[in-house]
Number of protein chains: 2
Amino acid sequence: MTSRRTSPTNDARLTLGELRKRCEAQALPLTGPRLAVLETLVGLQGTHPTADEVYACARDRGFHIGRATVYRALEAFVARHVLTKAAHAGTAMRYDGTLARHHHLVCLRCNGILDVADERLDAIPLPDTSKLGFAISDLQIQVRGICRACQEREQADQP
Amino acid sequence: MTSRRTSPTNDARLTLGELRKRCEAQALPLTGPRLAVLETLVGLQGTHPTADEVYACARDRGFHIGRATVYRALEAFVARHVLTKAAHAGTAMRYDGTLARHHHLVCLRCNGILDVADERLDAIPLPDTSKLGFAISDLQIQVRGICRACQEREQADQP
DNA sequence: CTAATTGCAAAGGGTTTGCGATCCC
DNA sequence: GGGATCGCAAACCCTTTGCAATTAG
């Protein structure tokens, strides 16, 4: 799952230009290190990398950048709606340039994430929390299971 | 939220007897430390405590128990379906004796969890993942927002 | 010149693990 | 007596933070 090549909700390739545009629109200064993070993300497209994976990949590509800078840059991007992040409990955050509404398939083995679009999931009504005084800001759906790669790996391990 | 007293989906008080029964049914040996954890949980009912909160509370109650034992016991209970656990990304796991189907209101300020029952949320269909080869095991819904206590606290802080 | 950003290393929160001691059939 | 369980401390993973140096407006 770490090396997925297709992305069902993201067939339009994410380009560096699109990401730069989003930063400009939000008046987020595009410094050298931040640009390195975006470039790395474009290369990791479709894999929903963790911050550490982005960091490692950026270093591999020859960028001189600190781990904290990667974490800070990714959070800045999320705050300005340049990227989104997601994770299930107990695992590292994963970042992604898909802004369009979608949902996540979370693999319980490798913790990877697959995007999936589903109109029926989009239409889910918010519960009535008036009696609880709970102010809803959003609703998240996580579909958990085992991704194809992990299924195949498990079959190979124990035939 | 840490000190909630009512629990909308859990009006039937969870008893130590019920928890013991679940352990017996699963052939999970009820050792002294594990019993201490269950007793503590009954006392913390409705608060969805974290493992560390259970540990601290158990010590407060005079139980001589190690932190690792609490973590191991809670995980053993979850594995045997004596308890459930939940959390949103980036926060500590929270444990709870409610086995009946329900959903979670997650407070973005205090990270607390409220249970909520909602038939419409129960009826959500699973997405079609056949093309992705993803084997779904379950679907989780998290409603995020601000709980009443945190809303009031924020109003008080900045009037 | 001042504010923002960076890299590094250290600290932090939450959880797991190694290991000798203990408990229980 | 032998396997499960325990308590403790250390390790672990992921992330944030303190701070001096650097960069940008």
Side-chain angles (χ1 to χ4, degrees), chain A residues 2 23-24 26-40 48-59 61-80 82-83 85-95 106 108-113, chain B residues 2 23-24 26-40 48-59 61-80 82-83 85-95 106 108-113:
Chain A
T2 316
C23 291
E24 278 171 36
Q26 299 292 326
L28 181 61
L30 254 187
T31 62
R34 295 214 262 246
L35 201 52
V37 167
L38 290 186
E39 269 188 52
T40 305
H48 293 79
T50 64
D52 258 21
E53 284 165 359
V54 175
Y55 169 67
C57 182
R59 300 290 291 223
R61 289 178 165 227
F63 293 114
H64 175 66
I65 191 173
R67 189 190 311 271
T69 302
V70 173
Y71 275 84
R72 283 188 285 233
L74 289 169
E75 277 311 300
F77 291 140
V78 170
R80 304 299 187 90
V82 174
L83 301 176
K85 67 173 175 179
H88 67 138
T91 69
M93 283 295 174
R94 289 168 178 274
Y95 297 84
V106 181
L108 297 169
R109 293 286 181 274
C110 65
N111 293 326
I113 291 179
Chain B
T2 317
C23 291
E24 278 172 36
Q26 298 292 325
L28 180 62
L30 255 187
T31 63
R34 294 215 261 246
L35 202 52
V37 168
L38 290 186
E39 269 188 53
T40 305
H48 293 78
T50 65
D52 257 20
E53 285 166 358
V54 174
Y55 169 67
C57 182
R59 300 290 291 224
R61 290 179 164 224
F63 293 115
H64 176 66
I65 191 173
R67 188 190 311 271
T69 302
V70 173
Y71 276 84
R72 283 188 284 234
L74 289 170
E75 278 311 300
F77 291 140
V78 170
R80 304 299 187 91
V82 174
L83 301 177
K85 67 173 174 179
H88 67 138
T91 70
M93 283 293 174
R94 289 169 178 274
Y95 297 84
V106 182
L108 296 169
R109 293 286 180 274
C110 66
N111 294 327
I113 291 179

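The structure displayed is predicted, hence computed values, not measured ones. Excluded from the calculations below are hydrogen atoms, water molecules and symmetry mates; all remaining heavy atoms, backbone and side chain alike, are included. Numbered from 1 within each chain, the chains take letters A, B, ... in sequence-line order.
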Here the salt bridge (charged side-chain N to carboxylate O under 4.0 Å, His left out) pairs for residues 65-74 of chain B, sequence neighbours left out, are B:D52-B:R67
Scan for salt bridge (charged side-chain N to carboxylate O under 4.0 Å, His left out) pairs involving residues 30-40 of chain A, sequence neighbours excluded, and state none if there are none.
-> none
Which residues pass the side-chain contact (heavy atoms from CB on, under 4.5 Å) test with [X], sequence neighbours left out?
X     : answer
A:E75 : A:K85, A:Y95
A:C23 : A:L28, A:L30, A:L38, A:F77, A:V82
B:E24 : none
A:T91 : A:A87, A:H88, A:N111

Short N/O separations, protein against nucleotides 10-13 of chain C, under 3.5 angstrom:
none

Excluding sequence neighbours, so at least two apart, what forms side chain to side chain donor-acceptor pair (under 3.5 Å) with B:R109?
-> B:E154
Comparing nearest nucleotides in DNA chain D, the 5'-proximal residue of the pair B:R59, B:P29 is B:P29
Contacting residues from residues 30-37 of chain B, given that a heavy atom lies under 4.0 angstrom of DNA chain C = none
Would you list the protein and nucleotides 10-15 of chain D atom pairs, both N or O, that sit under 3.5 Å from each other?
residue	atom	partner	partner atom	Å
D:dT15	OP1	A:M93	N	2.9
D:dT15	OP2	A:Y71	OH	3.2

Within residues 72-80 of chain A, find the residues that approach DNA chain D with a heavy atom at under 4.0 Å, and present them sorted by residue number.
-> A:R72
Considering just the side-chain nitrogens and oxygens of B:T69, establish if one lies under 4.0 Å of OP1 or OP2 belonging to D:dC6.
-> no
